[in-house]
Amino acid sequence: MTLLEIIRFAITGLAANRLRSGLTTLGILIGVASVIILTAVGNGSSQQIQKNIQRLGTNSLTIQQGGGGGFGRLSRNNQSSARRLTVADAIALTNPNAAPSIKSVAPVADANVTCAYEGSSSTPQNFAGTWPTYFEASNDVIRAGSYFSNEDVVQGKHVIIIGQTIVDDLFGTVDPLNTQITCGGQPYTVIGVLKKKGTTGFQDADSIAIAPLSTVQQSITGYGSINSIVVEAVSAPATDTAQSEIAAILNARHKIKNPAKTDYRIFNQASLLSTTSSNSAVFTVLLSSVAAISLLVGGIGITNIMLVSVTERTREIGIRKAIGAPRGAILGQFLVEATLLSLIGGIAGVVVGIIGSHFQIVGVTPVIVPSSVVLAFCISVAIGLFFGGYPANRAASLRPIEALRYE
Amino acid sequence: MTIAPQVPVVDIRDVKKFYGSGDTEVRALDGVTLTVYPGEYVAIMGPSGSGKSTLMNIIGCLDAPTAGSYALDGLEVARLDERQLSIVRNRRIGFVFQSFNLIPRTSAQAQVEMPLAYQGAKRQERREKALLALGAVGLADRAHHEPNELSGGQQQRVAIARALVSRPSLLLADEPTGALDTKSTQEIMGLLERVNSAGRTIIVITHEHEVAQHARRVVTMRDGKIISDEANAA
């Protein structure tokens, strides 16, 4: 009795009940496919979030007004003594001796203004007056035109670089370069257009306008405090050292004795990234476990159908035993039948899973985790062996005389 | 009948088979002794409940006796383990049942090949032997038919071909014509006679006198005991 022979018997057995075999296979198919697709969705969404954060610049740190340590709000007690962020703070951070991990610094003055061009208008979610270093730190790249220079800042030139959303709102199909738009009543010449960044949650990263700091201060915000300072660290791993260097410099400048009660906050993109990564890992585990349960249900389906099959074919088992089938041959036949069911379901599930992962699912482009394909497939085969084992053993243990009498 | 002392095919001594215990104990076999020599054609007769089917199951190694000894071809069956028993059933005994007991949705040829497959015979050898056996029962042209495409008589002939394909020392037939019409019955009985004249030992269990008449020796049972054992006049 060769294995090939047993497999042939098993295939004949399965083919005799095509509908039933098909439905059982479907259970495994759904399980395997959902494991693959759901892990792909989890993986895809976490990659999407990471990409969004990376787009904002992983090397960058943002210092904002406010404080009370980490992310707390300004408390009433120290509000009076709180110092605002100033351009001088930003300049202090550029000292390479005190802050060797800092590559560049860009003070940012935000304004809430509306820009207009020939009757159409648009309010940028982010209208920033800053230094040219801002572009690299915040990962803003132009696709047409040029950046403004330090000279433009010194001279307070009325030049502006705008994001795609503003271009769409104001110009439509007209080429925006070198045209003049009005923002907050002041004329600006568009000298550059930024590359599209996409949206991050509710934030439209392309609804942005960037002008020289001095120009914005002069015409809109005044020369007082600034809203934030964007700092670029020399490398992504250096962001933590850069953060402590910033804290040391600002604590000294703002005369803060208790580092837990600061009047500024530092946002670290890298730590944000790791937080969201671990969040999405939890999300992926959650999805996978739901999928794993459906795989388990598929396995129970196999046990169920194999038990029915053994009961239904008790007489056949008796006949086979009477003509001399050894225990191993019967055990093998039913085990192979169960394994074949799960194997076919597993292969079909992998195919469906891979095809299904090519579609966008609730706005997420799934990214297949190769190990999930291998794992789901192996588990489905193991399920066939494991859940088929009990019915197969029951079939093999039937006494021939009882099996033959069974009606 | 036999001149030289031969090893009996079936050597049953004082075999008992009880079911249940106490008040509900049923004595299906109550001390049966039977010896069948090679080449014999024996019919076992008796009313239902006489224990003839139980006896057949024990001879066929499908069931174990409660007490007594049974040697098949001189081989003490009680000493065999499950694996050895399956080999004995495969090589030494051919079964023919009243209800044919063919495997559904399987071609005649595959049915006949099955005992050889469990022996581990090669595909080519199996095919040849199976076709030969089907030819011997006159069904060479029905090799690819499934049971539901065959008449009762044809199904029983497939079963006989399956029983004989592994050249067993003993052919056991349990009411082989019980589900057949007169014409098919005659066909099957003629076939069994030819098999016997080719030297195969046959034990037929029946309650029909016409069937028993074909045998050379008739054993009659009642209440789990053999009440007569005589050579057939015909």
State plainly whether the residues A:Arg399 and A:Glu402 are in salt-bridge range, i.e. N to O under 4.0 Å. yes
Is it the case that A:Arg320 places NZ or CZ above or below the six-membered ring of A:Phe9, under 6.0 angstrom from the centre and within 45 degrees of the axis?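 Yes, cation above the ring, under 6.0 Å and within 45°.
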Under 3.5 Å: donor-acceptor pair, side chain of B:Asp30, backbone of B:Lys225: no
Mark yes or no for whether B:Lys17, through its side chain, and B:Asp63, through its backbone, hold a donor-acceptor pair below 3.5 Å.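 No.
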What part of A:Ile319 is in contact with chain B, defined as an atom under 4.5 angstrom from a non-hydrogen atom: side chain, backbone, both or neither?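 Just the side chain, heavy atoms under 4.5 Å.
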Non-hydrogen atoms of chain B under 4.5 Å away: do they reach the side chain of A:Arg313, the backbone, both or neither?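 For A:Arg313, neither part sits under 4.5 Å from chain B.
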Answer yes if the side chains of B:Ser169 and B:Arg91 hold a donor-acceptor pair under 3.5 Å, and no otherwise.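 The criterion, which ignores hydrogens and geometry beyond distance, is not satisfied for B:Arg91 and B:Ser169.
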Chain A contact via B:Arg126 - which portion, at a heavy-atom distance below 4.5 Å: side chain
Non-hydrogen atoms of chain A under 4.5 Å away: do they reach the side chain of B:Leu102, the backbone, both or neither?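 Just its backbone gets close to chain A.
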Out of B:Ser166, B:Ala163, B:Pro104, B:Pro115, which one racks up the most heavy-atom pairs below 4.5 Å with chain A?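 If we count pairs closer than 4.5 Å to chain A, B:Pro115 comes out on top.
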